[in-house]
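First comes the structure, then the notes that go with it.
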Amino acid sequence: MKFRAIKGVQDILPPDVYVWQEVESAARQVFAPFGYKEIRTPVMEFTEVFTRSIGETTDIVEKEMYTFNDRAGRSITLRPEGTAPVVRAYVENHLYRLPSPQKYYYIGPMFRYERPQRGRFRQFHQIGVEAFGEDDPRMDAEVLDMLRRFLERVGVEDLGFEINSIGCDACRPAYREAMVDFLSGRVDTLCTDCRRRYEVNPLRVLDCKAKGCSAMKEEAPRIIDYLCSDCRGHFEALRGHLESLGIPYRVNPGMVRGLDYYTRTTFEVTTESLGAQSAVAAGGRYDRLVEEFGGPAVPGIGFAIGMERLTMLIRDRHGVEEPAPSVYLAVIGADAEAAAYKLASEMRGSGIWAELDYSGASLRSQFKRADRLRAAYVFILGEDELARGAVRYKRLSDGLQGEIDMDDAVRFLSSQ
RNA sequence: GUGAGCGUAGCUCAAUGGUUAGAGCACUGGACUGUGGCUCCAGUGGUUGUGGGUUCGAGUCCCAUCGCUCACCCCA
């Protein structure tokens, strides 16, 4: 084999691609009544778009970005996530001047340089949404409501919603201090990774899955207990709205997201059936990000759904039916071939999927091909039929046969 | 970046260190001359990932390398 795909990227072939199309169309249909409009941003940005927003010390920025210099020497990065580009577009195009809130969704590829494994790829795809201009907790609950309705619509079940609040600039310093105090007496009990985290980003220790560290989580200070009154009120209100909307959820005080721009609400949708990669969708609020991008003080909230992970879940549940031709034109003889060739063009022009082949195979072979393609009808054009200006038809589902005028062929199929 | 497992036909897999590497499915044709599915018959298809080594002899054992997969880290 001369060429192979790059590690961690994959072709999406039929029939899988039909699952993708279904999911994408479900997203558009579910999001529309919530007022979300599609936005398409470039797959690459200046590197600073990501380093400044995601955070210099995050894994994504430190080791996972596809970054290169273009021919003019500017540092360019293939987007590792969707929020930063949308925020950049929101600010650059002055979308904050439009009536608030502005709500957008996107569907497209993201790139991260990681070792691939189940549910994790170097090029992966996300369906994401971003809502700007509303910090009311009802907006948080609304976003989660939309996510729930989407997941229900595509038929995934057994998903858990986990929520947390990680506070704002006002309350996080106090919590960080409490964590450092708590950890300083226990550095020896931490795993090597967590000792590093203790220095760089103490909150991340809560994310550790090592036994010693996770045992300690029980006693660790919880961000929820350190929220300022505004953030506490926001979180309590969110919980109330989720309950009134009938969205089941679990508060996970240990959930810390991997991007630095989040404030207040964070959430994650997880499943048991994806191996080590349990998150199918995740998101949160980012009330400072628009400002950091040079825009006005506009709050935002959004989430992203992992397409590969989602389609893995639903492919097991229902096979998607591949489309099949309406008719296969089986021919005998050169004159019939010429007539069928023209007839096929006419049918296709009328939106009818017609197949025929040019191999001159036996009628029997042509029937076999029609059967394999799962064609609804075979039309037979032979010398006899041609002489009468007619075609024989056979319905493959039940073998029903008959004859019609060739001029009626398109109408016949259109009425089926 | 770290660790483990696996690479044989298009696909799923066999083959104790011993002849010319097999089977099912798929594909092509035939039995059935102008009628599919079921059945039967035949055929096409291989540098056993690649390169070295051990051996009288390697798909099999050893080394290296590449690839894939899974896990760690982290995340969608």
Practice item. Take atom P in B:rU65 and the same atom in B:rC27, then report the distance between them in whole Å. Key: 42 Å
Exercise for review: Tell me which of A:H125 and A:I6 sits closer to the 5' end of RNA chain B, going by the nucleotide each one is nearest to.
Suggested key: A:I6
Revision key, fill the gap. Looking only at B:rU28, B:rC73, B:rG36, the nucleotide nearest the A:K63 side chain is B:rC73
Study note, to complete from the structure: Output field dot_bracket for RNA chain B (Watson-Crick or G-U, both distances under 3.5 Å, | for other-strand pairs) contains (((((((..((((....[...)))).(((((.......))))).....(((((..]....))))))))))))....
Review point. Quick one: the side chain of A:R4 and the base of B:rC68, do they pair up donor-acceptor inside 3.5 Å?
Key: no
Review point. Between the side chains of A:E22 and A:W20, does any donor sit under 3.5 Å from an acceptor?
Key: no
Point to revise | Check: B:rG36 base within 3.5 Å donor-acceptor of A:R374 side chain | key: no
Check your understanding: Over how many whole Å does the gap from A:N252 atom CG to B:rC75 atom P extend?
Key -> 13 Å
**Study point:** Pairwise P distance for B:rA15 and B:rC61, with rounding to whole Å
**Key:** 12 Å
Practice item. Could you work out the separation of B:rG53 and B:rG45 based on their C1' atoms and round it to a whole Å? Key: 32 Å
Review point. Within the structure shown, what part of the strands sits under 4.0 Å from A:Q366 by heavy-atom distance: base, sugar-phosphate, or nothing?
Key: nothing
**Study point:** Pairwise distance OH(A:Y341) to CG(A:L329) - rounded to 0.5 angstrom
**Key:** 12.5 Å
Point to revise | Span that lies between the C1' atom of B:rG57 and that of B:rA64, in whole angstrom | key: 23 Å
Exercise for review: Would you mind telling me which of A:R309, A:Q10, A:E308, A:E114 makes a side chain to side chain contact (heavy atoms under 4.5 Å, CB included) with A:F124?
Suggested key: A:E308
**Study point:** Result of checking A:I163, A:L238, A:V269 against A:Y249 for side chain to side chain contact (heavy atoms under 4.5 Å, CB included)
**Key:** A:I163
Exercise for review: Could you measure between the two C1' atoms, the one in B:rG51 and the one in B:rU39, and give it in whole Å?
Suggested key: 48 Å
Exercise for review: Between B:rC68 and B:rU8, how far apart are the C1' atoms? Round to whole Å, please.
Suggested key: 15 Å
Review point. Out of B:rG29, B:rC73, B:rA76, which has the shortest distance to the side chain of A:R369?
Key: B:rG29
Exercise for review: Using the closest heavy atom to pick a nucleotide of RNA chain B for each, name whichever of A:D371 or A:R122 lands nearer the 5' end.
Suggested key: A:D371
Check your understanding: So, does A:R79 use its side chain to make a donor-acceptor pair with the main chain of A:P109 at under 3.5 Å?
Key -> yes
Practice item. Considering only atom C1', compute the distance from B:rC62 to B:rC70 and round it to an integer number of Å. Key: 26 Å
Review point. Would the A:Y105 and A:Y36 ring centres measure less than 6.0 Å apart?
Key: no
Practice item. With the side chain of A:R118 defined as its heavy atoms from C-beta on, choose the nearest nucleotide among B:rC68, B:rA76, B:rC70. Key: B:rC70
Check your understanding: At what distance, to the nearest 0.5 angstrom, does CD of A:E322 lie from CG of A:L373?
Key -> 10.5 Å
Review point. Hey, does the side chain of A:S365 come within less than 4.0 Å of B:rG29's phosphate (OP1/OP2), counting only N and O?
Key: yes
Check your understanding: Is any side-chain N or O of A:R120 under 3.5 Å from a base N or O of B:rC75, one able to act as donor and the other as acceptor?
Key -> no
